[in-house]
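Below is one structure, written out as structure tokens; comments come after it.
The first residue of the sequence shown is numbered 1, and numbering continues consecutively from there.
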Amino acid sequence: MTVLVNLIVTLGMLYVVPVGLRLVDPAGLRRTARLWPLAALPGALCLWLPRGTTATALAALYALATLALAARAAARLRGAPRTSPGSLPRLAPPEVAVLTALAAPSVAGTALVAERAGYRLFGFELDILALTVPHFHFAGFTAALVAGLVCRAAPGRPGARWAAYSVPAGTLLVLLGYFVDDWAELLGAVVLTAGMWAVALTTWRDLRPAARDRTTGALLATSAAVLVATMLLALWWAAGEATGIVHPTLTWMAATHGLGNALGFALCSLLAWRRLTGEPGRPAPAPAAARPVLR
């Protein structure tokens with residue numbers, strides 16, 4: 001399981017996050033996205049070293065980068081419009097999702113430092129800390145980002161708005177479930193699954209048919225179909241942990257749910273959205289409704 005998880009995390013650090021940042025804000029986060037692989041390299045390297053001082057120091061360098069990204073989320077939140085001075089910010093659904101995406105890697109970075117140091121942070125087993133790292137790169141960063149993109153592309157769909165709210169909420173509930181109990185984590189899994197299935201439905205029904213070329217359509221279709229299966233596995237595992245029914249092992253989940261989400265959902269989604277947004281060297285941009293930029 002360790003090798004597979006490390007490969008998944010390496011993909012998330014070196015490719016998924018910088019590509020996602022370009023989709024969040026191509027202008028404002030261009031420099032961050034360009035430099036991110038350099039910041040992520042120590043984090044990726046530490047995965048393959050034995051636990052100890054060197055691995056912990058490299059993990060800490062990556063954690064600092066994730067905390068800086070979370071600070072960008074805080075800055076966006078402070079700059080959000082308000083109805084009156086001192087009131088709560090007014091956030092559109094896509095912005096809720098993108099703020100979650102920017103903050104999520106910091107959870108992964110913190111868990112990575114503790115795991116590489118062999119320290120049971122908050123009493124969690126090291127295996128759980130290790131799995132927290134890919135979870136908050138993919139279920140945290142990528143899932144929230146894609147939910148926001150889908151909501152911006154299909155603003156008239158109630159399911160898309162639901163996804164932009166429920167994916168961040170489900171991610172937060174899963175995190176809180178770590179500290180409460182398995183039933184709270186199950187609730188988070190239910191909310192997160194509902195949000196991800198709404199992403200899949202909107203992608204399949206609205207975005208896939210509007211794709212200008214077969215490759216983009218196939219990538220969107222794959223990401224939607226994979227979500228149905230991988231999130232069903234997540235529900236099964238969470239229900240098993242809470243009720244004691246037979247459920248997959250963590251190793252089996254990494255090989256199915258984890259790998260499926262990393263390659264089938266996250267990678268395919270980001271490749272599709274890069275094509276939809278018409279980055280240099282990519283196909284021409286899709287119609288305006290399918291060219292979201294989260295600012």
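Residue pairs meeting the side-chain hydrogen bond (donor to acceptor under 3.5 Å, both in side chains) criterion with at least one partner in residues 49-67, sequence neighbours excluded, are Arg51-Glu115, Tyr62-His137.
The closest side-chain heavy-atom distance from Leu129 to Leu126 is below 4.5 Å. Taking the side chain as every heavy atom from C-beta outward, Tyr15 and Thr10 never approach each other to under 4.5 Å. Annotation: side chain of Leu271 is not in contact with side chain of Thr216 (no heavy-atom distance under 4.5 Å). You'll find the side chain of Glu185 stays beyond 4.5 Å of the side chain of Phe179, heavy atoms only. Inter-residue side-chain proximity for Leu149 and Val98 is flagged as unmet; no heavy-atom pair is nearer than 4.5 Å. With contacts defined as side-chain heavy-atom distances shorter than 4.5 Å, the pair Leu173/Val190 does not qualify.
One finds the CG atom of Asn261 at 9.5 Å from the NE2 atom of His135 (value rounded to the nearest 0.5 Å). A distance of 9.5 Å separates OG1 of Thr32 from CG of Asp25, quoted to the nearest 0.5 Å.
Of all heavy-atom pairs spanning Leu67 and Ser106, the tightest one is CD2-CB, 3.9 Å. The nearest pair of heavy atoms linking Ala73 to Leu99 is O-CD2, 3.3 Å. Here the closest heavy-atom approach between residue Leu235 and residue Leu186 is recorded as O-CD1, 4.4 Å.
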ask   = Checking side-chain contact (heavy atoms from CB on, under 4.5 Å) for the pair Trp36/Leu14: CA distance, chi angles, key distance, verdict?
value = CA-CA 7 Å; Trp36 189 266; Leu14 296 178; over 6 Å; no

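Within the 3.5 Å criterion, the main-chain N or O of Ala200 finds no donor-acceptor partner in the side chain of Arg205. The backbone N or O of Leu220 sits less than 3.5 Å from a side-chain atom of Ser223, completing a donor-acceptor pair. Distance alone, capped at 3.5 Å, is enough to place a donor-acceptor pair between the Trp236 side chain and the Val246 backbone.
More than 12 heavy atoms of other shown residues, nucleotides or ligands fall within 6.0 angstrom of atom CZ in Arg208. By the neighbour-count criterion of 12 heavy atoms within 6.0 Å, atom CZ of Phe122 is sparsely surrounded, having that number or fewer from other residues, nucleotides or ligands. The number of heavy-atom neighbours closer than 6.0 Å to CZ of Arg82, taken from other residues, nucleotides and ligands shown, is above 12.
Between Phe124 and Tyr119, a ring centre-to-centre spacing not shorter than 6.0 Å is recorded.
Qualifying salt bridge (Lys or Arg N to Asp or Glu O under 4.0 Å) partners for Asp182, counting only residues two or more places apart in sequence or in other chains: none.
Arg157 and Thr202 form no side-chain donor-acceptor contact under 3.5 Å, judged by distance and modelled atom types alone.
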